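A short worksheet on the structure shown next.
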Amino acid sequence: MSTREPLPRAYEPAAVEAKWYPHWEKSGYFHGKPNPQKKPYSIVIPPPNVTGILTLGHVLNNTLQDILIRYHRMKGEEVCWFPGTDHAGIATEARVEKYLRQKENTSRDQLGREEFIRRVWQWKGEFGGKIIRQLRTLGCSCDWERERFTMDEGLSAAVRKVFVELYNKGYIYRGQRMINWCPVAKSALSDEEVIYKDVAGKFYYFRYPLSDNSGYLVVATTRPETMFGDTAVAVNPEDERYKHLIGKTVKLPLTDREIPIIGDVHADPTKGTGCVKITPAHDPNDFEVGKRHNLEVINVMNPDATLNARAGKEFEGLDRFAARDKAVRMMEEQGLLEKVEDIRHAVGYSERGDVPIETLVSYQWFCNMKELAKPAIEAVQSGKIKFHPERWSKTYFHWMENIQDWCISRQIWWGHRIPAWYNDATGEVYVGEEAPTSPGEWRQEEDVLDTWFSSWLWPFSIMGWPEKTEELKYFYPTCDLVTGPDIIFFWVARMIMAGCEFMKEIPFRNVYFTSIIRDELGRKLSKSLGNSPDPLDVIAEYGADALRFTITYIAPVGMDIRYSNEKCEIGKTFANKLWNACRFRQMQGDTSAHFRALPEDIVANVSGDERWMLAKLDAAIDSIDTAIAEFRFHSAAHEVYDLVWSSFCDWFIEAEKVPMRAGGAEKERALAVLDYALYRILRLLHPFMPFITEELAHQMGFLGDEETIMFEPYPEDDAFRNADAAALARIDGKFELVRAGRFLKASYNLPDGKKVKFFVKAVDAESLAFLESEKASMLSLLNAEEIEISLADYDPAVNGAAPSQVCALGTVYLPLAGLIDIAAEKAKLEKQKKELTGWIAGTKARLGNEKFLAKAPENVVADTKAQLAAMEEKLARTNELLDSLK
RNA sequence: GGGCGAUUAGCUCAGUUGGUUAGAGCGUUUGCUUUACACGCAAAAUGUCGGGGGUUCGAGUCCCUCAUCGCCCACCA
């Protein structure tokens with residue numbers, strides 16, 4: 001695969017990405033299979049809708065999963081990322097209906113059930129699963145051999161088995177209850193599929209005349225069109241204003257019906273007029289009231305939310321909103337409209353249809369969740385399953401502890417048909433995995449199951465359950481789940497319940513809830529706002545690695561992300577930086593033989609800079625391990641970014657130019673350490689930026705054609721940073737001096753490249769010796785002509801007045817022969833003196849505080865004392881400099 | 001109504017169990033074609049850590065309270 005040519009000046013991701021992914025996939029690198037020699041690590045993908053296309057939300061979600069997968073793979077575990085798609089009943093049915101209407105001018109109902117389903121499968125084959133192909137562009141290392149669809153035969157068998165089991169346990173039942181109805185899908189919905197929006201509405205105050213013509217009651221409603229279903233008016237039995245009316249009747253306007261006035265606590269005397277119209281068929285509270293008083297349930301609506309015959313001739317067939325207007329108008333004409341108030345109120349909308357839902361009474365299938373919830377609550381309470389961030393467990397507990405029956409039947413065709421059969425002759429109901437074999441006319445239930453009724457089995461159905469497969473034995477339970485907090489009820493909670501019930505084992509150990517991605521203005525990304533960038537465009541412009549890295553880098557734990565395409569510059573420039581570091585290395589000659597491990601003699605002879613670099617690497621490796629273990633992906637990204645850019649490129653490579661120039665054994669050692677560090681960096685970075693790291697590992701000659709970085713060991717701590725803390729501190733001191741010298745040059749507007757002479761007065765003999773030994777390095781880093789290091793005071797009489805900087809290892813002077821701005825120097829030193837004096841005073845006060853000495857930990861006290869000494873020493877030198885300027 | 005989160009540099013955000021002088025990227029300013037990189041190098045400036053109170057030797061960090069913004073759940077005849 002590798003073509004060892006000089007690297008171009010800038011990284012061009014497109015060709016590299018297009019090259020490696022197919023190679024990885026063809027080579028079977030993504031495939032995981034049970035292997036008793038290795039520790040299993042598995043993730044199941046949150047199955048995207050088969051109709052879906054890649055969004056930035058998916059990018060974040062799947063990048064994080066891929067980071068985990070690649071990280072654990074390199075850690076030597078047997079990893080498997082199970083991918084697949086969800087049949088998404090309502091969404092897909094709507095999508096295909098639209099397609100058929102546009103392409104063939106036909107409809108679901110024209111085609112009939114069997115033909116329509118055939119067409120949906122056809123559509124899926126042709127257009128479905130686009131997102132799965134897009135995930136490849138992103139670099140996701142899913143085990144595509146194991147790709148599943150929630151309506152595959154095996155997964156469908158799992159659904160049937162689960163349905164029958166829960167039915168036999170008495171959890172699943174069919175009943176007439178108040179449900180949420182979507183007029184667009186013409187189907188029942190679960191409570192979770194209803195989203196509440198605050199919208200402007202009106203409160204209509206209607207007069208309902210008493211039958212005896214002795215006056216009227218005023219009732220308020222936001223839904224005038226449901227009045228045709230009113231079967232009572234309720235007042236509070238304690239309400240002095242109305243209690244004498246209980247038992248009388250009112251004439252229901254616009255109808256010829258009379259309805260009773262009933263006493264019920266549901267009527268709150270403090271709210272509105274104290275009188276409530278009761279519409280049992282269209283309001284959950286009213287339904288309860290109706291049950292208590294044995295009221296008739298009059299459904300006045302058709303499935304498409306037009307009014308039906310029960311609303312009377314004038315209203316039959318009218319859309320609910322038209323009917324509302326008409327009812328109000330007619331009430332007004334009859335003098336029965338008392339007043340109208342503007343209000344804002346929450347209205348339930350269908351998640352998919354984006355229209356107000358109707359609550360109505362209907363026969364549906366339900367699943368009682370109470371018993372299923374118990375072990376699932378326990379699993380999270382006990383810590384067997386951990387949520388990250390932990391606070392989501394509160395949301396989880398609150399919902400689980402108040403869990404309601406789940407309405408699982410849908411009046412659509414695309415989905416798992418409920419395995420129940422009716423015998424109309426005998427009235428029998430048969431529920432079984434297969435059709436009944438007993439004689440008689442059996443008619444299968446028309447309804448299908450809620451999409452989530454298959455998704456909740458995903459972690460084990462995808463592994464072949466109910467068959468007892470090797471995969472289940474090895475990979476179940478999965479390790480980590482990465483998903484959005486918006487589906488905590490829909491999916492996460494239900495998977496935990498299903499796992500506990502059917503596998504007797506939790507489905508995963510950790511759940512990481514990703515951030516929600518917003519635009520720069522903090523708005524949710526949406527198609528209608530046009531603020532939702534297409535990830536494929538972003539990848540084309542910046543590269544997949546850049547997008548992956550950027551989104552990881554900017555995603556804080558548990559908070560919303562403000563995303564804009566421009567932010568991908570972070571990842572793009574970072575990739576380019578890494579590319580050029582390798583390009584530089586390539587120019588220095590052949591790859592060292594020691595890039596995998598440094599031999600003893602090199603380790604024994606590493607320079608201070610080299611030890612410093614190896615120590616930085618160790619520290620970064622530890623931080624990254626910890627960060628990934630705690631799902632702090634952005635910390636890991638920041639850590640590796642700083643390591644590469646600051647430690648490796650800005651300091652280490654620049655410092656190593658000295659031994660590399662020296663040639664011979666010096667150069668050989670420097671290149672060995674450089675290669676060793678570089679290959680560790682590439683591996684550290686691979687989970688975040690898979691393409692560029694694979695490409696560079698080959699370009700640099702670290703890997704042969706038949707090898708892949710994917711299975712190279714993830715770097716581990718070499719303990720270099722524990723080797724010699726004092727030596728590492730001295731290198732930091734050298735860098736501080738370099739920074740100070742550069743500052744002096746910049747302060748006097750000297751071009752960075754100008755060769756100048758510095759003087760350094762070392763603080764002591766030890767520092768003197770060290771700085772002398774690092775002289776070549778400092779000359780190079782400072783771009784200086786000469787550096788004179790001594791223990792003696794700088795003598796302005798000899799070299800002229802010089803601005804200076806006080807550092808830990810010594811004071812740096814830049815002689816400027818007449819150019820020195822004495823006033824500016826004085827001001828700088830006075831400022832420094834003031835700061836030092838302030839800190840010293842503060843530190844002394846702290847050390848003078850007996851309580852501090854008594855209560856603070858020893859190391860804090862010792863550190864404080866050391867700081868004080870250092871500051872006092874610095875102050876003394878600052879004062880000397882000030883004196884010298886007088 | 002119940003719950004959760006946020007408020008730190010001009011912007012977007014870091015800041016692990018409380019412990020020196022609060023950081024990064026972008027932007028801004030200055031100087032640079034220095035043996036990879038202008039997708040770059042070097043340097044600089046900007047903060048009463050939302051307000052108030054408390055605990056503590058010590059608070060951006062813990063507690064209380066207020067304000068503003070956002071999310072979730074419930075309810076709303």
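By convention in this document, chain letters (A, B, ...) are assigned in the order of the sequence lines, proteins followed by strands, and residues within each chain are numbered from 1. All of these numbers come straight from a predicted model, not from anything done at the bench. Below, all heavy atoms of this structure are taken into account, side chains as well, without hydrogens, waters or symmetry copies.
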Query - Sugar-phosphate only, base, or nothing, as touched by A:Asp268 at under 4.0 Å among non-hydrogen atoms - result: base

From OH of A:Tyr748 across to C1' of B:rA42 the rounded distance in Å is 18 Å

(message) Under 4.0 Å from OP1 or OP2 of B:rA43: is there any side-chain N or O of A:Arg742 that close?
(response) yes

**Asked** Within the structure shown, what part of the strands sits under 4.0 Å from A:Tyr11 by heavy-atom distance: base, sugar-phosphate, or nothing?
**Response** nothing

Working for salt bridge (charged side-chain N to carboxylate O under 4.0 Å, His left out), residues A:Glu225 and A:Arg324: CA-CA 5 Å; A:Glu225 69 277 17; A:Arg324 177 181 303 177; 2.9 Å; yes

Paired to B:rC32 by Watson-Crick or G-U wobble criteria (both distances under 3.5 Å) is B:rG40

* To do: Report which part of the nucleic acid A:Asn783 touches: base, sugar-phosphate, or nothing (heavy-atom distance under 4.0 Å, all strands).
  => base

For B:rG58, the nucleotide meeting Watson-Crick or G-U wobble distances (both under 3.5 Å) is none

Please report whether the ring centroid of A:Trp392 lies less than 6.0 Å from that of A:Phe513.
yes

Checking B:rC76, B:rA36, B:rC57 against the side chain of A:Ile653 (C-beta onward), the nearest is B:rA36

Looking only at side-chain N and O atoms, does A:Arg562 come under 4.0 Å of OP1 or OP2 in B:rC13? yes

Would you classify A:Pro857 as touching base, sugar-phosphate or nothing, given that sugar-phosphate means primed atoms plus P, OP1 and OP2, and contacts are heavy atoms under 4.0 Å?
-> base

Donor-acceptor pair under 3.5 Å: do we get one between A:Arg846's side chain and the base of B:rU20?
no

Practice problem: Pick base, sugar-phosphate or nothing for A:Lys567, based on heavy-atom distances below 4.0 Å to the nucleic acid. | Solution: sugar-phosphate

Exercise for review: Quote, to the nearest angstrom, the P distance that separates B:rG10 from B:rG70.
Suggested key: 23 Å

A:Trp645 side chain near B:rC41 phosphate (N/O to OP1/OP2, under 4.0 Å)
yes

Q | Salt-bridge criterion met for A:Glu358 and A:Arg223 (N-O under 4.0 Å) | A | yes

Subject >> Distance below 4.0 Å between A:Lys394 side-chain N/O and B:rC4 OP1 or OP2 >> reply: yes

Original post:
When we call it a touch if two heavy atoms are under 4.0 Å apart, what does A:His638 touch: a base, just sugar-phosphate, or nothing?
Top reply: nothing

Any strand, both distances under 3.5 Å, Watson-Crick or G-U wobble: B:rG25 pairs with B:rC11

request  = Just call it for A:Thr864: base, sugar-phosphate, or nothing, with non-hydrogen atoms closer than 4.0 Å on any strand.
outcome  = nothing

Flag the pair A:Lys567 and A:Glu569 as a salt bridge only when some basic side-chain nitrogen lies within less than 4.0 angstrom of an acidic carboxylate oxygen. no

May I ask you to say what A:Arg223 touches in the nucleic acid, namely base, sugar-phosphate or nothing, with a heavy-atom cut-off under 4.0 Å? nothing

Side-chain atoms of A:Lys657 come closest, of B:rA36, B:rC73, B:rG19, to B:rA36

Taking B:rA36, B:rC75, B:rA43 as options, the one with an atom nearest any side-chain atom of A:Ala746 is B:rA43

Would you say the ring centroid of A:Tyr349 lies under 6.0 angstrom from that of A:Tyr196? no

Practice problem: Report which part of the nucleic acid A:Cys649 touches: base, sugar-phosphate, or nothing (heavy-atom distance under 4.0 Å, all strands). | Solution: base

Run the ring-centre check on A:His638 versus A:Tyr553 and record whether the distance is less than 6.0 Å. yes

- Query: Has A:Arg583 got a side-chain N or O lying under 4.0 Å from the OP1 or OP2 atom of B:rC37?
  - Reply: yes

Say you pick atom C1' in B:rU20 and the same atom in B:rC41; how far apart are they, in whole Å? 31 Å

When rounded to whole Å, the OH to P distance for the pair A:Tyr641 and B:rC39 reads 14 Å

By the Watson-Crick or G-U definition, both distances under 3.5 Å, B:rA6 is matched with B:rU68

At 4.0 Å (heavy atoms only), tell me whether A:Glu654 reaches a base, stays on the sugar-phosphate, or touches nothing. base

Can A:Thr591 and A:Asp675 be counted as having a side-chain donor-acceptor contact under 3.5 angstrom? no

Handout entry: Sugar-phosphate, base or nothing in reach of A:Arg9, heavy atoms under 4.0 Å
Key = sugar-phosphate

- request: Tell me what A:Ala234 touches on the nucleic acid: a base, only sugar-phosphate, or nothing, going by heavy atoms under 4.0 Å.
  value: nothing

Testing B:rC39, B:rC76, B:rA36 for proximity to the side chain of A:Ala10, the answer is B:rC39

